[in-house]
Every structure is written in structure tokens, then in C-alpha cells.
Amino acid sequence: MPATRIQLGVIGRAHGVRGLVKITSHTAEPVDLTAYGPLSDAEGRVLSLRWVADGVAEITRYIDGVPVKVTDRNAAEKLTNTKLFVDRSALPPADDDEFYLTDLIGLAVTDKAGAAIGTVSIVHDYGAGASLEIERKTGASLIIPFTAACVPTVDIAAGRVVVVEPDEIIVAEDAA
Amino acid sequence: MARSVWKGPFVDGYLLAKAEAAKASARNEIIKIWSRRSTILPQFVGLTFGVYNGHKFLPVQVNENMVGHKFGEFSPTRTFTGHAADKKARRG
């Protein structure tokens, strides 16, 4: 099933003496870390960021709904390694035939007959089309191209994908 | 030093035979190859290759923009720590 919260970044070390911190963003465009609404830490405490330089941000914490800016280095150092999350629902809807990787990872995999194969463990995408790595219950993992022919059904709501394993081309020259 | 133009692009012979077989069959097939050094030719467009990276055969769906590149460029050999959290995958 898709995760309800997604980690989008992490707070790094303190920067300067005025409460600024370095930020590691896990979004495709680093500045998009602040584009998906309020962030929260692992315990659910709400934080907001304001970029002041490349990779450096000012943090505002919300204590009982009241915004409190982090203004000194000691407070900033306490935030180091704080993971920043956003609700999955905050991400904009994907286009047709487009899926967030975070939604695909963890889905149950079945064949056309409904027999369980395993779960999606990794989505590879290195510029030559996406592919799903399926962790099988037994044996080695299986990697299949993320195409309509190999993955005819993707049902995020039901938490499953249907895959058709492609055949392998074997020619006579291979035997030599 | 760049390869001489008069030689033409380098492609391992077995790969051409497999590509022809795949085009002829027109089924849902993957061509497993070890030849990362081979150049992607125009006749490979539309086919899916499984390019070995020393560990796994990573699927490479060939499109026009990849012609002239080597297969190995699309199947990284080093450990990849993960894609962006908001990255999307398009079904081909």
C-alpha cells in the first residue's frame, strides 16, 4: 500500500550563528521541498522552511499553533538530522500512465491468473524507461520493464500490479 | 581518441541476430545482452534490451534519442542510492 507520509528531506548542520541550517532535499528540484505545503518531522511536529541561500534555510517551528522562528545556533544544532516529511496527498496528481515511484514501491505483484509473485522493491529509471524490480518470495529478484505489455494493470488503490513476464530471445549463435 | 568514421559504429554480431529475431517475432520479449560496448543502432529503436551491469540485467527501452550511444550508458554499474522522493515513472 502507498505510504501516507513521504520523506522529502533532512535538516543538516547549523549554518552561522543566526539559526540557519543546511538542508538536504530529496525532491527532483531541491527548492520544491517547500512547494508541497507544511512539513513535519518524524513525530508529526509541523515545521516550515524559508530558503535564504542555496541549500540554506530558516526554520520556523509551530508550538501549539504559534510560529516560533529558530534564531540561534544552539536551537539550530538541536534540529540536525531531523527528517522532513509531507503527506502523500500533498503531491499533485500524476498524469495518465504516470505513477509516483513511492506509490509503486511495496505493491503486491501477481500474474494474470492472480497468483502471487512477490512485491515491488525498487523502481529503476536511468534514462531508458522505468523498470520494476520484484522481490520474489523464493528465488532471485525479477526485473521487468515498466511497459503496458509487461505491466498491464497498476491498481494503486488495491495495492497490486499485474505483470506478464517477457520471454527471452534466444538465437542459435548463442549456443556456440 | 574518437573512433574513425570509416569503420562505422561498433556492434557485437550476436546482438544484431537477436535484434532481428525480436523484430520478427513481434512478441513481448526482452533481449538479454552483455555487450555494454555496442552502439545503439536505428534498427534497435522500439526493442527492449536487458543490459547486464555485472549484477543484473536492467531493461533498456530503446528510443530515437538513444541512437549513437552505448548500451552501457543506460545500465549503471555502481550502487544507486535512490531516486527523488517526488519522482514519477511513466509506463512505456
Side-chain angles (χ1 to χ4, degrees), chain A residues 3 6-9 25-30 32-33 35-36 84-86 90-92 94-104 122-133 140-152 154 164-174 176, chain B residues 12-35 40 44-53 55-63 65-66 69-92:
Chain A
I6 300 166
Q7 188 186 343
L8 288 188
S25 175
H26 300 327
T27 54
E29 290 296 328
D32 282 350
L33 180 59
Y36 301 122
L84 301 170
F85 296 85
V86 70
L91 297 180
D95 294 340
D96 286 347
D97 256 3
E98 211 175 48
F99 304 90
Y100 282 103
L101 303 195
T102 186
D103 288 346
L104 293 172
I122 305 171
V123 182
H124 299 283
D125 191 349
Y126 308 116
S131 52
L132 306 182
E133 182 161 344
S141 62
L142 168 72
I143 304 179
I144 58 162
F146 189 46
T147 59
C150 293
V151 188
V154 180
V164 179
E165 283 190 49
D167 299 322
E168 187 187 337
I169 291 280
I170 296 169
V171 292
E173 285 86 349
D174 271 2
Chain B
D12 269 314
Y14 81 91
L15 210 145
L16 290 166
K18 283 189 168 189
E20 276 180 26
K23 282 213 162 178
S25 73
R27 292 194 324 223
N28 177 25
E29 288 172 317
I30 192 161
I31 305 164
K32 283 189 176 177
I33 61 168
W34 288 258
S35 178
I40 297 175
F44 298 157
V45 171
L47 299 176
T48 302
F49 293 81
V51 182
Y52 196 57
N53 68 358
H55 181 47
K56 301 166 180 171
F57 290 93
L58 292 182
V60 171
Q61 299 163 43
V62 178
N63 61 43
N65 297 329
M66 293 156 69
H69 289 263
K70 308 287 185 189
F71 278 105
E73 294 178 51
F74 303 99
S75 180
T77 58
R78 305 299 171 101
T79 303
F80 183 68
T81 53
H83 292 293
D86 58 349
K87 184 176 171 64
K88 289 176 268 190
R90 178 169 288 281
R91 187 161 54 168

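By convention in this document, chain letters (A, B, ...) are assigned in the order of the sequence lines, proteins followed by strands, and residues within each chain are numbered from 1.
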Please identify, among [options], the residue contributing the most non-hydrogen atom pairs under 4.5 Å to chain A.
options                      : result
Glu73(B), His83(B), Glu20(B) : His83(B)
Ser75(B), Ala84(B), Ala21(B) : Ala84(B)
Gly92(B), Ala85(B), Ala89(B) : Ala89(B)

Under 4.5 Å heavy-atom distance to chain A, tell me which part of Phe80(B) shows up: side chain, backbone, both or neither.
side chain
In terms of the angle between their ring planes, are Phe71(B) and Phe44(B) parallel, tilted or perpendicular, with boundaries placed at 30° and 60°?
tilted
So His69(B) and Phe74(B), would you call those rings parallel, tilted or perpendicular, with 30° and 60° as cut-offs?
perpendicular
Would you say the side-chain atoms of Ser35(B) and Asp12(B) include a donor-acceptor pair closer than 3.5 Å?
yes
Which atoms of [X] approach chain B - backbone, side chain, both or neither, heavy atom under 4.5 Å:
X         : value
Asp95(A)  : side chain
Glu133(A) : side chain
Val164(A) : both

Largest heavy-atom contact set with chain B, pairs under 4.5 Å, which of Ile143(A), Thr147(A), Val151(A)
Thr147(A)
Looking at chain B, which one of Gly129(A), Pro145(A), Ser131(A) has the largest number of heavy-atom pairs inside 4.5 Å, strictly under?
Pro145(A)
Are the side chain of Arg91(B) and the backbone N or O of Pro152(A) linked by a donor-acceptor pair below 3.5 Å?
yes
Quick check against the 3.5 Å criterion: does Lys18(B) have a side-chain atom that pairs as donor or acceptor with the backbone of Lys32(B)?
yes
Return the minimal non-hydrogen interatomic distance between Lys88(B) and Ala94(A), and the atom names on each side.
CD-CB, 3.9 Å
What closest approach, in Å, do Leu33(A) and Thr27(A) show between heavy atoms, and which atom pair accounts for it?
N-OG1, 3.8 Å
